[in-house]
Amino acid sequence: MTFVPVIPESYSHVLAEFESLDPLLSALRLDSSRLKCTSIAVSRKWLALGSSGGGLNLIQKDGWKHRLFLSHREGAISQVSCCLHDDDYVAVATSQGLVVVWELNQERRGKPERIYVSSEHKGRKVTALCWDTAILRVFVGDHMGKVSAIKLSTSKQAKAAAAFVMFPVQTITTVDSCVVQLDYLDGRLLISSLTRSFLCDTEREKFWKIGNKERDGEYGACFFPARCSVGQPPLVYCARPGSRLWEVNFDGEVISTHQFKNLLSSPPLPVITLRTEPQYDHTVGSSQSLSFPKLLHLSEQCVLTWTERGIYIFIPQNVQVLLWSEVKDIQDVAVCKSELFCLHLSGKVSHLSLLSVERCVERLLRRGLWNLAARTCCLFQNSIIASRGRKSLTVDKLEHLRSQLDLTTCSDLISQLEELILKFEPLDSACSSRRSSISSHESFSILDSGIYRIISSRRGSQSDEDSCSLHSQTLSEDERLKEFASHQEEDQPDQCCGSQGNEDSVSHVPVTLETDKNETFLPFGIPLSFRSSSPLVSLQAVKESVSSFVRKTTEKIGTLHTSPDLKVRPEPRGDEQSCEEDMSPITCPKEEDTEGEKEVTGQPPEEDKLQELTIATAEAMTKLQDPLVLFEPTSLRMVLQEWLSQLEKTFAIKDFLGISDTGHSSMTPNQDVLLLDESKKGILDDDNEKEKRDSLCNEETVDQTACESVNTLREPLDDLFRVSSPCSIANGLQKDLAELTTLCLELNVLNSEMKSTSGHVDHTLQQCSPETLACQFLKKFFFLLDLTRAKESIKLSYTNSPSVWDTFIEGLKELASSNPTYMEMEEGDLPTRLKLLDDSVPYDSPLLIAYATLLYEKFGESALRALIRFYPSILPSDVMQLCRHHPAQFLAYLDSLVKSRPEDQRPSFLEALLQPESLRLDWLLLAVSHDAPPSTSTMDDEGDPRNSYGRD
């Protein structure tokens with residue numbers, strides 16, 4: 001991958017295309033040579049597309065759901081305009097010059113009806129439509145210069161008398177040439193013709209010519225609404241030859257002329273889109289002398305226009321070019337707030353958004369478009385570094401983005417992104433505060449964890465520090481960690497970089513200062529085996545190291561004052577107990593403190609059990625690096641089975657629920673973790689022993705009965721999962737556990753050899769079906785699995801076992817149920833829920849398939865068709881699992897998915913979907929068998945084909 005050029009700092013905004021409307025046009029059949037889109041309009045609710053066949057398609061913008069189709073026999077649709085202050089009205093002009101006004105009746109859920117048809121411009125070409133901003137009135141302009149107004153009424157009396165009283169049609173004026181553009185604001189109508197612009201007071205019937213110089217050609221004009229916040233009155237901007245704009249007041253007087261000719265010599269900015277990689281050429285071109293056919297007010301302070309070459313967005317009051325980008329062959333543009341809908345000469349429609357660079361990158365990250373987000377960051381790194389909106393685009397997000405890139409294919413991109421992260425310092429005020437804070441102290445040093453250790457002249461002597469207790473040191477670390485975490489959540493860099501009192505200051509950027517690395521400011525010399533790039537991880541490591549050392553030292557000191565035979569710990573006082581709770585690096589939710597004295601038995605504490613698991617995990621990972629083990633299935637399974645026995649021992653249910661050796665459990669209410677019930681093991685072993693004593697010769701019957709007993713005991717809790725860890729696990733250990741646990745699932749190593757109380761191997765669980773073992777394995781160790789790999793493994797290994805897939809989905813739902821989005825997904829229609837899912841759940845989240853399942857269970861096939869927007873996060877194989885009971889719905893989804901690509905790309909896209917080769921036969925069989933007659937009507941009992949009349 002080549003080096004990405006850097007765009008100058010002055011460009012802070014960009015045009016981005018996050019979704020293609022090609023699937024929408026394909027569904028509307030507007031992508032053929034016979035029928036295409038001819039006009040476009042947009043409002044807060046609707047996207048209106050007029051066609052060459054005389055049809056008007058109204059699509060609801062929320063979810064892009066096709067709601068209405070209005071047909072016209074009067075010819076093709078040449079112009080369409082939506083009423084901006086009332087979404088229930090739309091005006092349409094046909095190729096015959098007729099203007100049809102529709103009332104959609106959406107609030108009453110009635111059928112749309114024509115409330116007026118104007119023939120005032122019949123036989124002429126209507127070139128402009130415009131709605132009044134306050135009342136129901138439509139302004140119409142044609143190619144002969146005639147401008148008229150249609151005044152409508154919504155009262156029931158007017159509707160009842162519609163057959164007897166005509167709606168008033170008023171001729172406003174007739175200008176000297178073709179009407180290019182109409183605009184309306186606060187009682188003033190703006191008319192732009194081929195020669196000049198006119199301002200009309202429709203109430204007083206007064207007209208003004210704008211300026212004295214005429215022009216020749218299509219030049220637009222638009223209103224610029226008043227900005228009350230800065231006390232600015234409404235203005236008018238009129239296009240002039242040579243890339244100029246007239247600024248005109250509300251009385252039609254030209255205030256100034258703005259020249260953009262030389263400013264447009266800068267190279268175009270790329271459009272951020274999935275279609276092509278964004279490119280930027282630093283070469284400065286010649287000045288552009290352009291004529292702007294239309295002007296549109298965009299956002300708050302921008303004016304938009306276009307030519308056959310591209311789109312131009314100006315900030316006219318500052319005489320600045322916000323951006324210009326090459327977008328070819330534009331016929332018309334409709335805008336709503338910061339959204340642009342471009343109609344091309346070919347009939348295609350593109351949906352662009354004007355965004356700041358930071359917001360654009362954020363939306364790309366939410367959609368999981370890592371490569372495109374990284375290229376955008378590198379292109380606009382000057383703007384990102386200088387931006388004031390860096391509270392949204394933080395260093396952590398950039399580091400996460402870097403970790404998602406492929407090192408083999410994106411090495412240059414990763415190196416550029418790393419350079420950006422190094423330059424991405426906190427705000428200047430925060431940096432100056434940090435530097436002044438450091439310089440105000442006598443000395444400081446940097447610990448291996450990245451923490452600044454400040455020695456202040458106001459803190460007293462060194463002996464005062466050394467006299468601090470172990471508990472106070474530990475609590476100090478806890479307080480610093482909590483404060484750092486709260487600052488991270490509030491996203492306030494200026495508070496994170498500051499230092500107060502004896503608190504440590506954390507730096508996010510490398511500091512090239514020489515310090516004495518041998519100097520230790522902690523009460524004990526604790527070697528750190530790593531240096532994390534994340535300050536939060538480093539602080540966590542320091543906390544765990546100090547807490548563990550203090551606890552072990554305290555226990556060791558306690559043993560020096562007691563008899564080795566009787567190790568009794570005195571009852572802790574209230575303040576000491578709270579300190580010990582803070583020091584414990586592992587807090588299990590089911591641990592209870594008993595009153596009185598606590599007897600220290602010979603059983604190892606929970607930390608020792610995790611220590612045993614850590615050792616076993618390290619040994620297993622080391623063995624797996626041996627090729628003789630890794631490439632030998634038998635040896636590999638033995639290593640995994642041996643490790644799995646230690647895993648089951650460590651996370652045994654009774655150890656975390658307080659189950660005694662006799663099998664009685666004492667479970668506390670409000671459990672945070674759902675667990676499988678294994679407290680019946682003692683009863684099961686007793687039953688087995690009794691049956692063995694009664695009938696030693698009937699081993700098969702005993703084994704079968706025992707297996708049934710296991711299933712019977714486990715049935716009441718079959719729907720419960722361990723979706724979170726019962727105790728805290730270090731990040732490094734968690735990663736290794738996830739790797740090995742997922743490998744066990746992939747290789748079908750689902751249970752270790754279990755021994756009964758008599759020492760014999762218990763084969764009861766091994767005799768259960770593979771899908772039963774897989775379901776139990778998922779429930780026990782769901783919190784350890786790599787969910788993405790687990791999903792793919794289940795689809796490949798348990799294709800004919802739907803219960804395993806259902807168990808996996810139930811676990812995902814249980815995991816997602818704690819998310820507020822999960823509760824919000826229970827309400828609203830399909831477009832609302834899709835938008836919520838699109839905005840709230842990252843595209844790379846494994847929980848996405850769980851939300852998709854909820855949508856399918858509620859809305860059926862329509863939800864499946866909508867899932868094409870989440871490809872490739874949700875694959876066809878996932879959808880096939882969702883609708884396995886309704887194969888026809890999968891065919892509908894597959895049809896929509898393929899048609900979402902341009903026609904020339906569909907064969908190659910379908911070829912990519914048909915991998916591996918086995919899918920070809922499966923999908924072909926599914927397509928052929930769909931709606932096919934039953935085999936009994938085509939074959940007889942012996943399998944021979946029947947004759948054409950259905951008789952033997």
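Computed from a predicted structure; not experimentally measured. Residue numbers run from 1 in the order of the sequence given.
A donor-acceptor contact closer than 3.5 angstrom is absent between the side chains of Trp370 and His400.
Between the CG atom in Asp31 and the OG atom in Ser26 there is a gap of 4.5 Å [rounded to 0.5 Å]. If you take CZ on Arg789 and CG on Leu787, they are separated by 11.5 Å, rounding to the nearest 0.5 Å. Within the model, atoms CD of Glu814 and OG of Ser724 stand 9.5 Å from one another, a figure rounded to the nearest 0.5 Å. Rounding to the nearest 0.5 Å places CD1 of Ile313 at 4.5 Å from CG of Leu323. Going from atom CG of Leu68 over to atom CG of Leu56 covers 9.0 Å, rounded to the nearest 0.5 Å. Within the model, atoms CD of Gln60 and CG of Asp87 stand 10.0 Å from one another, a figure rounded to the nearest 0.5 Å.
Using a 4.5 Å heavy-atom cutoff, the side chains of Leu894 and Leu913 are in contact. For the pair Leu104/Leu70, a side-chain contact is recorded, criterion being any heavy-atom separation below 4.5 Å from C-beta on. At least one side-chain heavy atom of Phe380 sits under 4.5 Å from a side-chain heavy atom of Val14. The shortest side-chain heavy-atom distance between Leu354 and Leu322 falls under the 4.5 Å cut-off. Contact of the Leu136 side chain with the Tyr89 side chain is registered, since non-hydrogen atoms from C-beta on lie closer than 4.5 Å. For the pair Ser803 and Trp805, the minimum side-chain heavy-atom distance is 4.5 Å or more. Two residues are said to be in side-chain contact when any heavy atoms from C-beta on lie closer than 4.5 Å; Leu778 and Leu745 meet this criterion. You'll find the side chain of Ile330 reaches within 4.5 Å of the side chain of Val333, heavy atoms only.
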Legend entry - Steps toward salt bridge (Lys or Arg N to Asp or Glu O under 4.0 Å) verdict (Glu857, Lys813): CA-CA 13 Å; Glu857 292 172 351; Lys813 289 181 180 179; 2.8 Å; yes
Inset, instruction - Would you please test Glu861 and Tyr856 for side-chain hydrogen bond (donor to acceptor under 3.5 Å, both in side chains) and show each step? - result: CA-CA 7 Å; Glu861 182 179 334; Tyr856 175 68; over 6 Å; no
Legend entry - Stepwise side chain to side chain contact (heavy atoms under 4.5 Å, CB included) check, Leu864 with Cys883: CA-CA 9 Å; Leu864 288 186; Cys883 60; 3.8 Å; yes
Inset, instruction - Could you check Asp396 against Thr394 for side-chain hydrogen bond (donor to acceptor under 3.5 Å, both in side chains), going step by step and ending with a plain yes or no? - result: CA-CA 5 Å; Asp396 292 337; Thr394 60; 5.0 Å; no
Legend entry - side-chain hydrogen bond (donor to acceptor under 3.5 Å, both in side chains) between His344 and Ser350, intermediate numbers included: CA-CA 8 Å; His344 300 265; Ser350 56; 3.0 Å; yes
Inset, instruction - Evaluate the criterion side-chain hydrogen bond (donor to acceptor under 3.5 Å, both in side chains) for residue pair Glu113 and Asn105; output intermediate values, then yes/no. - result: CA-CA 8 Å; Glu113 56 181 328; Asn105 293 323; 3.2 Å; yes
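The neighbour count for Gln734 CD, taken as heavy atoms of other residues, nucleotides or ligands under 6.0 Å away, is above 12. No more than 12 heavy atoms of other residues, nucleotides or ligands shown are found within 6.0 angstrom of CD on Glu827.
Remark: the backbone N or O of Pro842 is not paired with any side-chain donor or acceptor of Arg366 at under 3.5 angstrom. Between the side chain of Ser801 and the backbone N or O of Tyr798 there is no donor-acceptor pair closer than 3.5 Å. One N or O on the side chain of Thr38 and one on the backbone of Gly50 form a donor-acceptor pair closer than 3.5 Å. The closest donor-acceptor contact from the side chain of Asp329 to the backbone of Leu345 lies at 3.5 Å or more, if one exists at all. With hydrogens and angles ignored, the 3.5 Å screen pairs no side-chain donor or acceptor of Thr741 with any backbone N or O of Ala738. Panel note: side chain Thr832, backbone Gly828; no donor-acceptor pair is recorded below 3.5 Å. Using a distance-only test at 3.5 Å, with no hydrogens or angles considered, a donor-acceptor pair links the side chain of Ser908 to the main chain of Gln905. Within the 3.5 Å criterion, the main-chain N or O of Lys294 finds a donor-acceptor partner in the side chain of Thr305. A donor-acceptor contact shorter than 3.5 Å is absent between the side chain of Glu824 and the backbone of Arg833. No donor-acceptor pair under 3.5 Å is formed between the side chain of Ser12 and the backbone N or O of Ser383.
A cation-pi arrangement, defined by a distance under 6.0 Å to the six-membered ring centre and an angle within 45 degrees of its axis, is present between Arg901 and Phe909. Relative to the ring axis of Tyr893, Arg865 does not place its NZ or CZ within 45° and under 6.0 Å from the centre.
Nearest heavy-atom pair, Leu379 versus Pro278, reported as atom, atom and distance to 0.1 Å: CD1-CB, 3.6 Å. In plain terms, the two heavy atoms of Leu25 and Val349 that are nearest each other are CD1-N, 3.6 Å. Closest non-hydrogen pair, Leu413 versus Ala374, comes out as CD2-CB, 3.6 Å. Counting all heavy atoms, side chain and backbone alike, Cys342 lies closest to Leu352 at SG-CD1, 4.1 Å. Considering every non-hydrogen atom in both Ser900 and Ile868, the closest pair reads CB-CD1, 4.1 Å. Val42 and Cys336 get closest at one heavy-atom pair: CG1-CB, 3.9 Å.
Evaluation of the side-chain hydrogen bond (donor to acceptor under 3.5 Å, both in side chains) test over residues 44-56, restricted to residues two or more places apart or in two chains, returns none. A salt bridge (Lys or Arg N to Asp or Glu O under 4.0 Å) check over residues 335-348, counting only residues at least two apart or in different chains, returns the pairs Lys61-Glu339. For residues 869-884, every residue pair satisfying the side-chain hydrogen bond (donor to acceptor under 3.5 Å, both in side chains) rule, not counting sequence neighbours, is listed here: Lys791-Asp878, Lys795-Ser877, Lys795-Asp878, Asp806-Arg884.
With sequence neighbours excluded, the residues that form a side-chain contact (heavy atoms from CB on, under 4.5 Å) with Arg359 are Leu355, Ser356. Residues satisfying the side-chain contact (heavy atoms from CB on, under 4.5 Å) test with Ser797, not counting sequence neighbours, are Ser793.
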What side-chain donor-acceptor pairs closer than 3.5 Å can you find for residues 845-853, not counting sequence neighbours?
residue	atom	partner	partner atom	Å
Ser845	OG	Leu847	N	3.2
Thr853	OG1	Ile849	O	2.8

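Note on ring orientation: taking the six-membered ring where Trp is involved, the planes of Phe341 and His351 are parallel (angle under 30°, cut-offs 30° and 60°).
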